[in-house]
Amino acid sequence: MELQDQLGRLSASEKYRVHANKHRRVIYLLTGIAVFQYSLYFLVIAWAAGLAGTPWPAGSALSVIIWLTVLIILLSVVISAGYIWWTSRYHDPEREAIMRELKLWHE
């Protein structure tokens with residue numbers, strides 16, 4: 001089957017369109033969360049520089065900005081792990097079922 005035919009069958013499939021829209025919504029949500037967390041991080045650095053340099057807990061060698069950096073890194077890992085879990089648990093099996101149904105999947 002030619003690639004153009006396969007793409008035509010996919011684009012004509014209502015199930016595939018619904019599936020693609022669901023995937024797009026998840027991507028937009030996770031991207032929005034990531035952009036929000038990085039924006040907040042940079043705003044703290046830009047507008048609350050005094051707070052960022054404050055040791056926390058009091059008397060510690062670690063400042064608030066170090067803790068925020070660690071938090072941002074951990075949240076990024078959680079977002080990535082959540083996406084990988086969701087993809088392997090829901091997205092990929094549903095996509096494969098649609099591809100089999102349209103006879104575009106070879107086992």
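Note that the CG atom of Leu30 and the OG atom of Ser76 stand 11.5 Å from one another [nearest 0.5 Å]. Taking CD1 of Ile65 as the reference point, atom CG of Leu51 lies at 8.5 Å (rounded to 0.5 Å). With rounding to the nearest 0.5 Å, the separation of CG in Leu75 from CG in Leu68 is 10.5 Å. Distance check, rounded to the nearest 0.5 Å: CZ of Phe36 to CG of Leu43 gives 9.0 Å. Between the OG atom of Ser13 and the CD1 atom of Ile98 there is a distance of 6.0 Å, given to the nearest 0.5 Å.
Taking the side chain as every heavy atom from C-beta outward, Gln37 and Ile79 approach each other to under 4.5 Å. Annotation: side chain of Met99 is in contact with side chain of Leu10 (closest heavy-atom distance under 4.5 Å). Counting only heavy atoms from C-beta outward, the side chains of Pro55 and Leu62 never approach each other to under 4.5 Å. When side chains are defined from C-beta on, Trp67 does not count as touching Leu71, because their heavy atoms never get closer than 4.5 Å.
Salt bridge status for Lys22 with Glu94: present, with a side-chain N to carboxylate O gap under 4.0 Å.
Note on ring orientation: taking the six-membered ring where Trp is involved, the planes of His91 and His19 are parallel (angle under 30°, cut-offs 30° and 60°). Using a 30° and 60° split on the angle between ring planes, Trp86 and His23 fall in the parallel class, below 30°.
Note on Val64 and Leu40: separate hydrophobic clusters, where clusters join Ile, Leu, Val, Met, Phe, Trp and Tyr whose side-chain heavy atoms are under 4.5 Å apart, directly or indirectly. When hydrophobic clusters are built by joining Ile, Leu, Val, Met, Phe, Trp and Tyr residues whose side-chain heavy atoms come closer than 4.5 Å, directly or via intermediates, Ile66 is grouped together with Tyr38.
When only modelled atom types and interatomic distance are considered, Tyr41 and Thr69 share a side-chain donor-acceptor pair under 3.5 Å.
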